[in-house]
Student: 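Can you read through this structure? Questions will come right after.
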Amino acid sequence: MKKDGVTPFRPGYNPVAGPSVGDGELQMEFGYLLLAGKTCYEDASHEERAFLLVRGDVTFCWDGRRVRVKRGLWRDDGPFCLHVPAGAAVRIEGHADHSELTVHQTENERAFSSRLLTPADAKNVRRGADTLEGSTERVVRDIISQDNCPASNLVLGEVILKPGRWGGYPNHYHPQPEVFFFQYYPANGFGIANVGDKAFVTTNNTAVKITPNADHPCVTAPGYWQYSVWCIRNLPGNPYVRPIFNERFAALQAGW
């Protein structure tokens, strides 16, 4: 699956990948929520869900709580993400002319407490600046993981690539399915995402499905910052913990 990044999203919820668009292999749903002006979105799905604010001004309402949060450019501002278990009622109220969220959901019968994750929970971790002449320098933000929510079936994070840098490199893979969502600054930027032996051009608002056990490095063109939201679906008895590096790049990994 690759969304072309050209077709504009409509106001409201837009399904992008997963069972609702005929892809059961992904085992999770990925969608894009656009709140235009003072509109709202309500959901009480019988699935685990994560609502990640990409940019905008919204109020998250859940479990009798109301919290208003704002986020500017993802390069400069950290994420806010509402993470809830199956059946929890959620209301998201938009306040800006244009508020963007990614929505991630999957089956999960395990109970856990709803919570709003903030930039303090997903701190910037800089990687790659001192290796391979800085060609893989990036900022990684882990949002949902086995460390902070072992009952979750989702692993969710963000990566910020400086212009001309590589991410997901040296090449790595894992048996769990994954989806990437890309944005660029300036917005007319582009990059390349590899999935196994296939290469896809990524533009603003492009989504790419990562098939199990496929290498998936990516790169952004010089002059353009790349933002990616990545979400992995844990497998029963086999949650994602760390990547497996391709043996072809063992020499690079040894010096990492």
Side-chain angles (χ1 to χ4, degrees), residues 2 5 52-55 71-81 102 117-145 147-148 155-174 176 178-210 213-232 240-256:
K2 173 184 174 291
L52 172 61
L53 180 62
V54 173
R55 189 185 303 192
R71 187 182 190 187
L73 180 63
W74 34 255
R75 183 191 63 181
D76 307 316
D77 296 345
F80 292 91
C81 179
T102 59
L117 298 153
T118 72
D121 299 305
K123 297 178 180 178
N124 290 346
V125 177
R126 296 190 176 275
R127 299 178 183 169
D130 300 324
T131 57
L132 302 178
E133 299 180 354
S135 58
T136 62
E137 183 179 0
R138 61 206 186 277
V139 169
V140 179
R141 299 166 179 155
D142 292 326
I143 301 171
I144 301 172
S145 68
D147 290 333
N148 63 18
V155 181
L156 178 65
E158 298 180 337
V159 175
I160 311 296
L161 285 184
K162 297 179 70 173
R165 293 343 191 249
W166 283 80
Y169 189 88
N171 287 22
H172 70 271
Y173 60 94
H174 42 77
Q176 301 85 4
E178 183 176 14
V179 64
F180 269 81
F181 174 74
F182 295 94
Q183 286 194 350
Y184 288 88
Y185 179 78
N188 65 336
F190 70 97
I192 301 292
N194 278 79
V195 182
D197 59 358
K198 298 180 180 179
F200 301 98
V201 175
T202 57
T203 54
N204 207 46
N205 292 335
T206 296
V208 175
K209 171 186 169 182
I210 310 301
N213 297 312
D215 286 8
H216 48 281
C218 62
V219 65
T220 182
Y224 297 101
W225 291 79
Q226 183 193 86
Y227 166 76
S228 62
V229 178
W230 54 271
C231 190
I232 297 174
Y240 173 82
V241 178
R242 62 181 60 88
I244 305 167
F245 287 93
N246 190 313
E247 292 182 357
R248 289 175 53 205
F249 302 92
L252 292 177
Q253 179 61 16
W256 194 256

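Keep in mind that the numbers below use all heavy atoms, side chains included, and drop hydrogens, waters and symmetry copies.
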Student: Using every non-hydrogen atom in the two residues, find where C81 and L156 come nearest and quote the distance to one decimal.
Tutor: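 Scanning both residues, the minimum pair turns out to be SG-CD2, 3.8 Å.
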
Student: Atom CG in D76, atom CG in N124: separation rounded to 0.5 Å?
Tutor: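 If we round to the nearest 0.5 Å, D76:CG and N124:CG are 10.0 Å apart.
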
Student: Quick check against the 3.5 Å criterion: does N148 have a side-chain atom that pairs as donor or acceptor with the backbone of I143?
Tutor: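 The answer is yes, because a donor-acceptor pair under 3.5 Å joins these two groups.
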
Student: Compare every heavy atom of P186 with every heavy atom of G223, then report the nearest pair and how far apart it is.
Tutor: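 Closest pair (atom of G223, atom of P186, distance): O-CD, 3.7 Å.
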
Student: Near R75 CZ, under 6.0 Å, is it more than 12 heavy atoms from other residues, nucleotides or ligands?
Tutor: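 Count over threshold, so yes.
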
Student: Run the side chain to side chain contact (heavy atoms under 4.5 Å, CB included) check on V179 and V208 step by step: do they pass?
Tutor: CA-CA 6 Å; V179 64; V208 175; over 6 Å; no

Student: Hey, can you tell me if W74 and Y227 have their rings parallel, tilted or perpendicular (30° and 60° cut-offs)?
Tutor: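 Answer is parallel, since the angle falls under 30°.
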
Student: Can you tell me if N188 has over 12 outside heavy atoms packed within less than 6.0 Å of its CG?
Tutor: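 Correct, the count exceeds 12.
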
Student: Against Q183, only a single residue in N205, N204, T206 fulfils side-chain hydrogen bond (donor to acceptor under 3.5 Å, both in side chains); can you say which?
Tutor: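 One option only clears the test, and that one is N205.
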
Student: Rounded to the nearest 0.5 Å, what's the gap from CG on D215 to CD1 on I244? Could you check?
Tutor: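 D215 CG to I244 CD1: 10.5 Å, rounded to 0.5 Å.
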
Student: With no hydrogens and no angle check, is any side-chain donor or acceptor of S228 less than 3.5 Å from a backbone partner on W230?
Tutor: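 No, because the side chain of S228 does not come within donor-acceptor range (under 3.5 Å) of the backbone of W230.
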
Student: Which pairs, with at least one residue in residues 162-171 and sequence neighbours excluded, count as a salt bridge (charged side-chain N to carboxylate O under 4.0 Å, His left out)?
Tutor: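 Qualifying pairs: E137-K162, E137-R165.
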
Student: Check N171 against P217 and note the closest heavy-atom contact, atom names and distance.
Tutor: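 Looking at all heavy atoms of both residues, the closest pair is OD1-CG, 3.4 Å.
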
Student: For the residue pair Y169 and W166, categorise the inter-ring angle as parallel (less than 30°), tilted (30 to 60°) or perpendicular (more than 60°).
Tutor: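 The arrangement is tilted - the two ring planes meet at 30° to 60°.
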
Student: Hey, are the side chains of Y240 and E178 touching, using non-hydrogen atoms and a 4.5 Å cut-off?
Tutor: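 The answer is no; the side chains never approach within 4.5 Å.
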
Student: Ignoring hydrogens, what is the shortest heavy-atom contact between T202 and A193? Give both atom names and the distance.
Tutor: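 The answer is CG2-CB, 3.7 Å.
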
Student: What do the steps show when you test V159 against C218 for side chain to side chain contact (heavy atoms under 4.5 Å, CB included), and what is the final call?
Tutor: CA-CA 11 Å; V159 175; C218 62; over 6 Å; no

Student: What's the separation between atom CG in N213 and atom CG in N246, rounded to the nearest 0.5 Å?
Tutor: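 CG of N246 is found 11.5 Å from CG of N213.
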
Student: So, the side chain of Y184 versus the backbone of T220: is there a donor-acceptor pair under 3.5 Å, distance only?
Tutor: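 It does not hold such a pair.
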
Student: Minimum heavy-atom separation for L52 to P79, with atom names?
Tutor: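 Closest approach of L52 to P79: CD1-CB, 3.6 Å.
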
Student: List for me each residue that meets ring-ring contact (aromatic ring centres under 6.0 Å, His included) alongside Y185, sequence neighbours excluded, and say none if there are none.
Tutor: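 Testing Y185 for ring-ring contact (aromatic ring centres under 6.0 Å, His included), a comparison that skips the adjacent residues, returns none.
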
Student: Side chains of H216 and K209, heavy atoms from C-beta outward: is any pair under 4.5 Å?
Tutor: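 Sidechains of K209 and H216: no contact.
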
Student: Kindly give the heavy-atom pair with the smallest separation between V54 and R71, and that separation in Å.
Tutor: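 Closest approach of V54 to R71, heavy atoms only: O-CD, 3.4 Å.
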
Student: Determine whether T136 and T131 make a side-chain contact, defined as any pair of heavy atoms from C-beta on separated by less than 4.5 Å.
Tutor: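 The answer is yes; the side chains approach within 4.5 Å.
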
Student: Are more than 12 heavy atoms, taken from residues, nucleotides or ligands other than F190, located less than 6.0 Å from that residue's CZ atom?
Tutor: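 Counting other residues, nucleotides and ligands, CZ of F190 stays at 12 neighbours or fewer.
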
Student: W225: which residues meet the ring-ring contact (aromatic ring centres under 6.0 Å, His included) condition with it, sequence neighbours left out?
Tutor: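 By the ring-ring contact (aromatic ring centres under 6.0 Å, His included) rule, W225 matches no residue at all.
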
Student: For the atom pair CZ (R141) and CD1 (I160), what is the distance rounded to the nearest 0.5 Å?
Tutor: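 Interatomic distance, R141 CZ to I160 CD1, rounded to 0.5 Å: 4.5 Å.
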
